[in-house]
K.L.:
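The structure that follows is given in the form of structure tokens.
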Amino acid sequence: MKSTADKVSELTEHTFGTWNRQKAWKTPMLITDAEGVYIYDDQGKPYLDFSSQLICSNLGHKNKAVIEAIVKQAEKLPYVAPAFVNEAAMEAVEAIRSVMPESLGKFFFSTSGTEANEAALKMARQSKMPAYKAISRYRSFHGSTPSSAAFTGDPRRWPSEQARCTIQGVRFAPDCYCYRCPFALEYPGCNVQCARYLDYMIAEEGNVAAMIVEPVVGTNGRLVPPPEYFPIVREICDKHGVLLIFDEIMTGWFRTGPAFAWEHWNVVPDILTMAKGASASYTPVGVTAASNEVAGFFEDEFFCHGHTYAYHPLAASAVPAAVSEYKRVMASGLPRKASRHLQASLYELADKHECVGDVRGIGHFWALEIVKNRKTREPFNVKADKISGKPLMTGKIAAEALKLGLFMFAWYDNLIIAPPLIVTEEEIDKAKDILDQALKVADSEVESTGVPASRSTEYAAK
Ligand SMILES: Cc1ncc(COP(=O)(O)O)c(C=O)c1O
């Protein structure tokens, strides 16, 4: 009889591991159970899930109401082609509309964030013909297919680009990254140059159809813009007739506090994409929401888009249940209290550990940026290290935390602290104790400077 370890090896031998050199896809952990904010390995060992998996299990694991809704739909009508309507999709649209602004009134359902962004790009480019360029930013991730990878500023784009698997027509704008300002300025004296530069950029480029942004940058840093940033961006886009696309695939569904991040600045995009939290990740769902104006274009024009699994009933069935669970959880007041506790705990850790250069975030969406030297802000690792396979300091910290019972997602320069919305203050304290141990791995290699950690999004994290 094969051992579990043999079965895992056999699986890795016959499958591609995502975003990795395949020789590194050898001994992944086998997860056999999950409940609340915990996942469990095949030995029954619990791990606090402090990244909500891929910042998607917003309601935690094994939510009964969502599971029941899926089971009911599986028994009634698991699949029907998208040329028909189905009751699950009808209810999902109604649930999404209950948290969307009126102006975003038309939806396309797919099964991932990548696809939600693909649909957004087609809508934008087709409705803005002959303008075709899309502006993105360097600190961004928008997906894995040719269009969404082309918009992606992070190093995952590079190999796709070399393989000519990205589309043409994307331009990158400077980031809104106060800790490492691309203009070497400081807020508020900077006059939000990163937003104002877009006016020049769009005018000089010509043929710009759209700009796509994560309203709070996710994997690439939990970069929360200052309050003026998006009102300025919206004004510039309007001036030039450029569509503004908000990729709310990570920021949506109460991750940053409100249902969607646009609410922080009351700046409504022309197109909004969501996935992950839309079903709290109980089923694969991607949604592209279009303004009535964008949608209106297609009344007489051919909408050249669709999938076999568009409006998939089983996928859609999780959405209304998840939305009502979000509303219940948010109404309890627990997430608001917990996010304040999380912020205070991370600030305390940053004060204590010299490897933390910057602590920033909002809601349940936080970053610890890890540096070798707080004064020079020299990082341990850079973008290219993610692709070259060089060991990452953030990876070492995350591995130590995992040994101690805490799962968190590590990017090449920062740790992603984004627990489910149901996390309690006690669970945060437990995670803090583990992080306190794990961060020592990097502290031992830091050049001591006596400079305190930066809190670059203090203006947002009230
Ligand atoms: C901001 C953002 N956009 C798009 C995607 C792609 O979503 P998916 O992995 O569901 O294709 C992700 C995934 O992490 C993301 O974080």
Side-chain angles (χ1 to χ4, degrees), residues 16-20 51-58 108-122 124 134-157 160 165-167 170 172 175-177 210-225 244-256 260-262 269 271-289 307 309-310 312 315-316 318-319 322 361-367 386 408-412 414 416-418:
F16 282 96
T18 57
W19 304 115
N20 219 333
S51 289
S52 306
Q53 294 303 290
L54 293 177
I55 305 79
C56 58
S57 298
N58 293 4
F108 174 75
F109 276 44
S110 53
T111 49
S112 69
T114 292
E115 290 165 289
N117 284 338
E118 286 283 341
L121 178 75
K122 268 201 199 167
I135 293 179
S136 180
R137 298 178 299 179
Y138 290 106
R139 307 279 309 188
S140 65
F141 179 70
H142 295 291
S144 51
T145 49
S147 313
S148 54
F151 300 147
T152 289
D154 84 26
R156 281 172 285 184
R157 185 187 77 247
S160 297
C165 290
T166 50
I167 60 152
V170 179
F172 289 94
D175 296 299
C176 182
Y177 184 12
M211 176 171 189
I212 183 164
V213 289
E214 292 167 71
V216 173
V217 173
T219 307
N220 290 279
R222 267 68 74 232
L223 307 178
V224 189
L244 183 58
I245 304 171
F246 275 8
D247 173 340
E248 295 239 26
I249 285 155
M250 271 197 188
T251 54
W253 301 107
F254 304 94
R255 174 59 53 197
T256 71
F260 290 93
W262 68 264
I271 300 176
L272 185 151
T273 56
M274 63 187 100
K276 297 184 186 267
S279 64
S281 294
Y282 283 76
T283 57
V285 175
V287 181
T288 310
H307 302 287
Y309 293 157
H312 193 293
V319 176
I362 192 165
H364 284 61
F365 204 35
W366 287 84
K386 179 68 198 166
M408 78 186 146
F409 186 48
W411 196 227
Y412 64 88
N414 75 81
I416 303 183
I417 315 290

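Numbering of ligands and ligand atoms starts at 1, following listing order.
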K.L.:
Provide, to 0.1 Å, the distance between atom 9 (O) of ligand 1 and the closest protein heavy atom, together with that atom's residue and name.
P.N.:
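Nearest neighbour among protein heavy atoms for atom 9 (O) of ligand 1, to 0.1 Å: T114 OG1, 4.5 Å.
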
K.L.:
Under 4.0 Å from a heavy atom of M250: which atoms of ligand 1 are those, numbered in the order shown and with their elements?
P.N.:
14 (O), 16 (O)

K.L.:
In ligand 1, which numbered atoms sit nearer than 4.0 Å to a non-hydrogen atom of E214?
P.N.:
1 (C)

K.L.:
Taking a cutoff of less than 4.0 Å between a non-hydrogen atom of the residue and any ligand atom, is N117 in contact with ligand 1?
P.N.:
yes

K.L.:
Please list, in number order, the atoms of ligand 1 under 4.0 Å from a heavy atom of I249.
P.N.:
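Near I249, meaning under 4.0 Å from one of its heavy atoms, ligand 1 has 2 (C), 3 (N), 4 (C), 5 (C), 12 (C), 15 (C).
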
K.L.:
If you have a sec, work out which protein heavy atom is nearest atom 2 (C) of ligand 1 and how many Å separate them, to one decimal?
P.N.:
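Checking every protein heavy atom, the shortest distance to atom 2 (C) of ligand 1 gives F141 O, 3.3 Å.
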
K.L.:
Specify the closest pair of heavy atoms between K276 and L54, including all atoms of both residues, with the distance to one decimal.
P.N.:
NZ-O, 2.9 Å

K.L.:
Does the ring center of W19 lie less than 6.0 Å from the ring center of F141?
P.N.:
yes

K.L.:
Considering non-hydrogen atoms of the protein only, which is the closest contact for atom 14 (O) of ligand 1, and what is the distance?
P.N.:
K276 NZ, 2.8 Å

K.L.:
Of the non-hydrogen atoms in V285 and A278, which two are nearest, and what is the gap between them?
P.N.:
CG1-CB, 4.3 Å

K.L.:
If you count the atoms of ligand 1 from 1 in the order shown, which ones are under 4.0 Å from a heavy atom of D247?
P.N.:
1 (C), 2 (C), 3 (N), 4 (C)

K.L.:
Compare all side-chain heavy atoms of E248 with those of W253 and state whether any distance is below 4.5 angstrom.
P.N.:
no

K.L.:
For the residue pair F108 and V287, establish whether any side-chain heavy-atom pair is separated by less than 4.5 Å.
P.N.:
no

K.L.:
Where on H142 is there a heavy atom closer than 4.0 Å to ligand 1, on the side chain, on the backbone, on both, or on neither?
P.N.:
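For H142, only backbone atoms sit under 4.0 Å from ligand 1.
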
K.L.:
Between E118 and S148, which heavy-atom pair has the shortest distance, and what is it?
P.N.:
OE2-N, 3.5 Å

K.L.:
Is there a side-chain contact between D175 and N220, using heavy atoms and a 4.5 Å cut-off?
P.N.:
no

K.L.:
Which pair of heavy atoms, one from I416 and one from M408, lies closest together, and at what distance?
P.N.:
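Residues I416 and M408, closest heavy atoms: O-CB, 3.8 Å.
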
K.L.:
Quick one: nearest non-hydrogen protein atom to atom 10 (O) of ligand 1, plus distance?
P.N.:
G113 N, 2.9 Å

K.L.:
Within ligand 1, which atoms have a heavy atom of S112 less than 4.0 Å away?
P.N.:
10 (O), 11 (O)

